[in-house]
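Each ligand, and each atom within it, is numbered from 1 in the order the structure gives.
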Amino acid sequence: MNEIESNKQAWSKLSEDHYRHYKKALMDGTHQLNHHIVEELGDISGKSVIHLQCNTGADTMLLAKKAGHVTGVDFVPENLYYAYRLAEDLACDNVDFIESDILSLSDIHHDKYDIVFTSEGVLGWLPDLDVWARTIRGLLKDTGFFYIFDSHPFFLAFDECKLDKQIYDIKYPYFGKCPDVDDCIGGYASETKKGVNTYFWMHTLSEIINALAGAGLYIEMFNEYTENFWDSGNMKFSEKSGMYEYDYNTDKYPMSFSLRAGIIPAK
Ligand SMILES: C[S@@+](CC[C@H](N)C(=O)[O-])C[C@H]1O[C@@H](n2cnc3c(N)ncnc32)[C@H](O)[C@@H]1O
């Protein structure tokens, strides 16, 4: 089995648990887009959005409350089955979903959108950012923009189990080319599932930016944050921001980043 197929099987083990977890959290209002995303996206009313790597659609539903229409894309069929169920549960009628590997989406889908959105745990699952960036360019209207919020690669290099003790041990080489292989998945909205093989690629900041620039996009905004969108070990959750924090890390290292990019106009 190749790496992408193996990742797909691993993610499918979480689909039902994620559906149940996020259905409850959306219904009681405890799951929200984090405050940086809300601020940086701005007013998206009436806009068409494509949400890449949408999982079981929890954030797709939140985006749909603000936008005109949202199309979620994920490569796990079970995720999309539950995403449609979630839409039904929440009476959300301005969403639809496409089953596809992001890196082959341009072979089967040619619609254009005002916004391409992706967030919180996405880049590492993709082995090729040049194809990813060209796919994003192909999905955008000339007036559209791309938005991403994800883990900062500098933070991803450290052994996350030691960061709460302020031990900065490089476990995953920042410039490493081979994927990190793990034998479990989940744990943030489900139990951790064992008996899988997952492959997670490190992408440096320069790779991310150069991939987008090479595809004809320019950076409108780039931010780095000391907060994390997941608890990487003994972090404190801030209700206000919807993010996890270490008290000691007000100025030491970035844990997440966001980037907004537009299309370079044709000459
Ligand atoms: C951490 S989740 C992202 C969840 C995201 N925060 C959300 O709910 O919008 C990562 C998602 O990427 C999807 N994924 C991983 N590799 C993919 C690929 N090559 N093509 C499409 N989806 C992929 C997985 O199925 C999973 O749903």
Side-chain angles (χ1 to χ4, degrees), residues 1-23 25-26 31-34 36-38 41 49-67 70-83 86-87 90 95 97-109 115-133 135-136 139 147-151 156 179-180 182 184-190 192-193 196-201 203 228-232 242-244 256 258:
M1 195 188 322
N2 72 25
E3 294 147 333
I4 296 290
E5 195 53 38
S6 190
N7 282 346
K8 193 199 267 196
Q9 288 203 6
W11 275 105
S12 74
K13 299 214 180 300
L14 303 176
S15 307
E16 184 172 356
D17 288 359
H18 278 199
Y19 162 71
R20 293 192 192 290
H21 172 91
Y22 286 115
K23 177 180 168 181
L26 286 166
H31 182 65
Q32 298 289 342
L33 296 171
N34 81 53
H36 297 302
I37 293 179
V38 172
L41 270 185
V49 181
I50 186 158
H51 176 196
L52 306 182
Q53 295 174 252
C54 68
N55 196 250
T56 52
D59 290 355
T60 319
M61 305 302 147
L62 293 170
L63 289 167
K65 279 194 192 169
K66 297 172 176 289
V70 188
T71 299
V73 184
D74 204 279
F75 68 168
V76 174
E78 292 86 342
N79 280 351
L80 304 182
Y81 166 78
Y82 284 113
L86 196 57
L90 299 170
V95 292
F97 296 93
I98 299 170
E99 181 190 325
S100 177
D101 179 350
I102 297 304
L103 301 186
S104 52
L105 180 61
S106 63
D107 297 343
I108 58 159
H109 190 68
I115 301 167
V116 177
F117 175 92
T118 195
S119 76
E120 299 193 342
V122 286
L123 282 185
W125 301 106
L126 305 176
D128 188 332
L129 290 197
D130 292 333
V131 176
W132 168 78
T135 303
I136 290 164
L139 290 166
Y147 179 85
I148 180 168
F149 190 101
D150 208 356
S151 289
L156 288 179
D180 177 58
D182 208 346
C184 63
I185 192 162
Y188 63 96
S190 69
T192 301
K193 311 277 179 183
V196 297
N197 273 322
T198 61
Y199 298 85
F200 192 87
W201 287 267
H203 298 295
N228 200 5
F229 56 85
W230 54 286
D231 182 3
S232 46
M243 303 283 286
Y244 293 88
S256 51
S258 61

Open item on the list: With side chain to side chain donor-acceptor pair (under 3.5 Å) as the criterion, how do D74 and H51 come out once you've worked through the C-alpha distance, each side chain's angles and the decisive distance to 0.1 Å?
Closed with: CA-CA 9 Å; D74 204 279; H51 176 196; over 6 Å; no
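Per-residue contacts place V76 under 4.0 angstrom from the following atoms of ligand 1 (heavy atoms of the residue considered): 25 (O). Set against the non-hydrogen atoms of E120, the atoms of ligand 1 under 4.0 Å away are 1 (C), 3 (C), 4 (C), 5 (C), 6 (N). Near H51, meaning under 4.0 Å from one of its heavy atoms, ligand 1 places the atoms 9 (O). Atom numbering of ligand 1 starts at 1 in the shown order; those under 4.0 Å from a heavy atom of N55 are 4 (C), 8 (O), 26 (C), 27 (O). Those atoms of ligand 1 that come under 4.0 Å of a heavy atom in N79, given as number and element, are 25 (O), 27 (O). Within ligand 1, counting atoms from 1 as listed, the ones closer than 4.0 Å to a heavy atom of S100 are 20 (N), 21 (C).
Annotation: atom 14 (N) of ligand 1 to nearest protein heavy atom, F75 CE2, 3.3 Å. Protein heavy atom nearest atom 20 (N) of ligand 1, with residue, atom name and distance: I102 N, 2.9 Å. The nearest protein atom to atom 5 (C) of ligand 1, hydrogens excluded, is given as S119 O, 3.3 Å; this is a heavy-atom distance. In this structure, atom 12 (O) of ligand 1 lies nearest to the protein heavy atom Q53 NE2, 3.2 Å. The shortest contact between atom 7 (C) of ligand 1 and any protein heavy atom is with D59 OD2, 3.8 Å. Summary of contacts: the protein heavy atom closest to atom 10 (C) of ligand 1 is G121 O, 3.4 Å.
Not a single donor-acceptor pair under 3.5 Å links the side chain of D150 to the backbone N or O of S119. In this structure a side-chain-to-backbone donor-acceptor pair under 3.5 Å is present from N34 to H36. Within the 3.5 Å criterion, the main-chain N or O of H21 finds no donor-acceptor partner in the side chain of H31. With hydrogens and angles disregarded, no donor-acceptor distance shorter than 3.5 Å links the side chain of N228 to the backbone of D231. Counting only distance, with no hydrogens or angles, the side chain of S6 and the backbone of N197 share a donor-acceptor pair below 3.5 Å. Checked by atom type and distance alone, the side chain of Q53 pairs as donor or acceptor with a backbone atom of V122 at under 3.5 Å.
A salt bridge links D17 to K193: one of the charged nitrogens lies within less than 4.0 Å of a carboxylate oxygen.
The distance criterion of under 3.5 Å between nitrogen or oxygen atoms is not met by Y188 with respect to ligand 1. Inclusion of I4 in the set of residues having an N or O under 3.5 Å from an N or O of ligand 1 is not warranted.
Around NZ of K66, the count of heavy atoms belonging to other residues, nucleotides or ligands within 6.0 Å does not exceed 12.
Ring centers of Y188 and H18: under 6.0 Å apart, within the cut-off.
When non-hydrogen atoms are compared, ligand 1 lies under 4.0 Å from the side chain of W11 (C-beta onward) but not from its backbone. Residue contacts with ligand 1, taken as heavy atom pairs separated by less than 4.0 Å, do not involve T56 at all.
Between L126, D74, L103, it is D74 that holds the heavy atom closest to atom 11 (C) of ligand 1.
A search for ring-ring contact (aromatic ring centres under 6.0 Å, His included) contacts involving W125 returns W11, F200, not counting sequence neighbours.
Within the structure, the closest approach of D101 to ligand 1 falls below 4.0 Å when heavy atoms are considered.
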